[in-house]
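No experiment lies behind these values; they were computed from the predicted model shown. Throughout, protein chains are lettered first and strands after them, A, B, ... in sequence-line order, and every chain is numbered starting at 1.
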There are 2 protein chains.
Amino acid sequence: MSAKPFTSVWTREPKGRREQGLSRDQIVRAALELLDEEGLNALSMRKLGARLGAGATSLYWHVANKDELLELALDDVYREVLTPAGASWRETAGAVAWGLRGAVLAHPWCVGLIGVLPSIGPNALAMSDRLVKACKEAGFQGMDIDFAVGAVIAYTLGAAVPEATWRGMLSRSGGSAREAQNEMIPMIEGLAAGHPDLLERYKDYTSGGLDPLTARQIAFDYGLVALLDGLDARRPRPGATPDEGGTARVGGERVTPDAPGTAPQ
Amino acid sequence: MSAKPFTSVWTREPKGRREQGLSRDQIVRAALELLDEEGLNALSMRKLGARLGAGATSLYWHVANKDELLELALDDVYREVLTPAGASWRETAGAVAWGLRGAVLAHPWCVGLIGVLPSIGPNALAMSDRLVKACKEAGFQGMDIDFAVGAVIAYTLGAAVPEATWRGMLSRSGGSAREAQNEMIPMIEGLAAGHPDLLERYKDYTSGGLDPLTARQIAFDYGLVALLDGLDARRPRPGATPDEGGTARVGGERVTPDAPGTAPQ
DNA sequence: GAGCCCAATCGCACACTGTACGAGAGGAAG
DNA sequence: CTTCCTCTCGTACAGTGTGCGATTGGGCTC
């Protein structure tokens with residue numbers, strides 16, 4: 001209120017100390033651009049710094065590690081998965097699954113980070129939270145909520161990750177998806193020698209007259225519907241007696257489940 | 001038969017040209033040791049060469065790339081997953097799932113390779129082949145065979161990969177799994193601020209009195225049983241009219257499935 | 001205004017990476 | 001003997017993440 005020259009947050013354009021410098025958001029945005037354009041291996045701190053007109057080590061003021069930077073970039077991918085409001089449990093789960101798949105396919109570099117870096121950023125948590133809420137409202141109880149959420153995300157990532165690298169191989173070999181797929185037949189025949197069933201399966205895939213990309217969509221849908229069906233069957237119907245069919249009812253015969261006839265640990 | 005000095009494969013001990021040199025199998029074995037002991041980042045060609053008493057670049061005679069070497073190592077992991085002979089479809093699928101999970105957990109370094117490197121080695125193909133055979137015998141037909149196999153493997157890898165890294169974090173923080181889990185509570189509380197449902201879910205996990213490791217086993221089993229139930233329901237019963245419920249029946253309402261209310265592509 | 005502080009940037013250096021290249025070793029074949 | 005072919009290894013190069021100290025320059029208090 002004193003007689004100072006007029007000043008405001010809005011008149012003082014640069015929010016920071018310097019005129020315009022790096023900011024963490026700017027760095028992450030530039031990293032996302034570079035990753036989308038040239039892939040994971042092409043991202044180096046020097047190259048990223050150069051793109052921002054800054055020195056390589058300047059970035060380390062805003063970001064502790066390269067890994068931390070990649071965590072930020074990865075979490076940004078999770079922001080792309082949206083869920084419709086006021087939808088049923090199945091709709092929400094389906095939306096998360098398809099959205100997550102789409103996000104991974106749109107940013108193939110993240111297959112090298114999923115599972116390696118922790119996914120506990122705000123966007124990843126928000127996605128999980130929406131799924132948890134949907135499962136809870138649908139009647140899942142206790143740890144079953146977590147089991148269902150985990151199953152949907154596990155299936156989705158497990159399906160999307162190899163598909164992303166498969167798409168990368170196709171596009172790198174040039175031509176349409178179907179052409180590239182057909183060109184691979186002799187190589188596959190050599191690999192699958194001694195496994196006639198595998199080979200037959202692959203030929204079904206290519207000779208079906210179906211576009212390989214939509215074939216993968218159908219495959220994803222098939223497994224997703226099966227999983228959601230199975231989860232739905234284990235869901236206690238809301239309105240029934242609460243705590244019925246509750247926590248940790250193991251499905252099969254084994255009480256301490258471990259691999260039947262399988263490697264240790 | 002001529003009057004040469006006696007010679008045989010067994011007298012000439014070294015099978016190769018040199019007395020004893022590197023061999024591809026030897027290199028892969030040493031790489032597996034190093035990976036199991038020190039992890040993926042610790043494997044460098046120089047270190048691996050030193051372990052074998054050889055120069056770093058000597059390895060490149062037997063192996064084209066570091067990536068190719070890692071492909072060989074990764075395929076060796078798939079060899080660990082065994083399947084019981086003469087088992088039902090569900091037993092085989094369960095054995096593959098648990099075995100694959102066990103193999104990944106036993107070799108945590110492979111989470112950084114799954115999805116990045118192609119998995120088309122002989123052991124990976126053999127595993128797929130066994131699963132394909134089981135699905136085929138159980139009545140699945142056409143592309144549904146591939147869909148079912150893909151779904152089981154996708155779920156398994158998608159569940160095992162984050163669990164492997166989660167186990168790594170626990171063991172790196174020292175102490176028992178439950179202690180480590182409890183120590184993380186304040187950190188989780190900070191992260192999950194604004195997501196009360198998520199937080200409640202996590203606390204259920206820790207306060208359940210269940211060992212975290214067996215809790216994850218139960219979680220894996222829950223999703224696996226749900227998935228197999230769902231797949232089983234879509235399986236045409238053998239003995240029925242063939243080609244019934246055949247190829248590519250899309251599950252839901254969408255014919256060209258793409259994310260409902262989701263990012264492009 | 002002068003002086004200071006401190007957030008921010010940068011250059012340099014270090015240890016280390018994958019691997020291309022060419023020289024060399026040494027057994028087998030003529 | 002010579003010639004060849006398989007295999008090994010030293011050197012070198014371009015590139016990596018990042019620790020450290022020097023430097024800069026805008027905003028603050030006198």
Side-chain angles (χ1 to χ4, degrees), chain A residues 2 4-28 30-31 34-35 38-73 109 112-113 116-117, chain B residues 2 4-5 7-9 11-28 30-31 34-35 38-73 109 112-113 116-117:
Chain A
S2 59
K4 279 186 180 178
F6 177 72
T7 174
S8 148
V9 213
W10 309 109
T11 55
R12 188 172 49 85
E13 299 173 9
K15 62 175 194 300
R17 195 89 165 242
R18 279 290 209 294
E19 298 296 331
Q20 69 251 42
L22 283 330
S23 79
R24 169 179 279 204
D25 289 337
Q26 217 174 35
I27 293 174
V28 174
L34 208 73
L35 287 167
E38 309 189 38
L40 183 56
N41 288 336
L43 178 70
S44 78
M45 299 304 270
R46 285 178 235 263
K47 210 186 284 188
L48 183 58
R51 171 177 283 242
L52 289 163
T57 57
S58 306
L59 309 175
Y60 284 91
W61 179 259
H62 307 271
V63 163
N65 275 342
K66 188 186 182 186
D67 276 6
E68 188 173 279
L69 170 62
L70 290 174
E71 267 189 83
L72 291 168
W109 45 267
L113 305 178
V116 180
L117 301 177
Chain B
S2 61
K4 280 187 180 176
T7 175
S8 149
V9 213
T11 56
R12 187 172 50 83
E13 298 174 8
K15 63 174 193 300
R17 193 92 164 243
R18 278 290 207 297
E19 299 296 332
Q20 68 250 46
L22 282 330
S23 79
R24 171 180 276 205
D25 288 338
Q26 217 174 37
I27 293 174
V28 174
L34 207 71
L35 286 167
E38 309 188 39
L40 183 56
N41 288 336
L43 177 71
S44 77
M45 300 304 270
R46 285 178 236 263
K47 212 186 283 185
L48 182 57
R51 170 177 285 242
L52 288 162
T57 58
S58 307
L59 310 175
Y60 284 91
W61 180 259
H62 307 270
V63 163
N65 274 343
K66 189 186 182 186
D67 276 7
E68 188 173 278
L69 170 61
L70 291 174
E71 267 189 82
L72 292 168
W109 45 267
L113 306 178
V116 179
L117 302 178

Gap separating the CG atom of A:Leu70 from the CG atom of A:Leu113, nearest 0.5 angstrom: 5.5 Å
Gap between atom CZ of B:Arg46 and atom CG of B:Leu59 - 0.5 Å precision: 11.0 Å
Non-hydrogen side-chain atoms of A:Leu48 and A:Leu69 separated by less than 4.5 Å: yes
Touch class at under 4.0 angstrom, heavy-atom based, for A:Leu48 against every strand present: nothing
Sidechain-backbone polar pair: B:Arg24 side chain, B:His62 backbone, donor-acceptor under 3.5 Å: yes
Touch class at under 4.0 angstrom, heavy-atom based, for B:Leu52 against every strand present: nothing
Rounded distance (Å) that lies between atom P of C:dT17 and atom CG of B:Leu40: 13 Å
Short side-chain to backbone donor-acceptor contact, A:Lys66 and A:Met45, under 3.5 Å: no
Summary of protein contacts for nucleotides 9-14 of chain D, nucleotide by nucleotide, where a base hit scores B, a sugar-phosphate-only hit scores S (4.0 Å, heavy atoms): BBBB--
Contacting residues from residues 60-71 of chain A, given that a heavy atom lies under 4.0 angstrom of DNA chain C: A:Trp61, A:His62
Atom pair distance, as rounded to whole Å: CE in B:Met45 and C1' in D:dT8: 14 Å
A:Asp67 side, atom CG; A:Leu72 side, atom CG - distance, nearest 0.5 Å: 11.0 Å
Distance, rounded to the nearest Å, where B:Asn41 contributes CG and D:dT16 contributes P: 17 Å
Whole-Å distance separating the CD atom of B:Glu38 from the P atom of C:dT17: 11 Å
Integer-rounded Å distance: D:dT18 C1' and A:Ile27 CD1: 15 Å
Rounded distance in Å - CG (A:Leu43) to P (D:dG17): 7 Å
Spacing of NZ belonging to B:Lys47 relative to CG belonging to B:Leu34, to within rounding of 0.5 Å: 6.0 Å
Where B:Ala30 and B:Leu52 come nearest, the two heavy atoms and their spacing: CB-CD2, 3.8 Å
Validation row: A:Val116, B:Leu40 side chains within 4.5 angstrom (heavy atoms): no
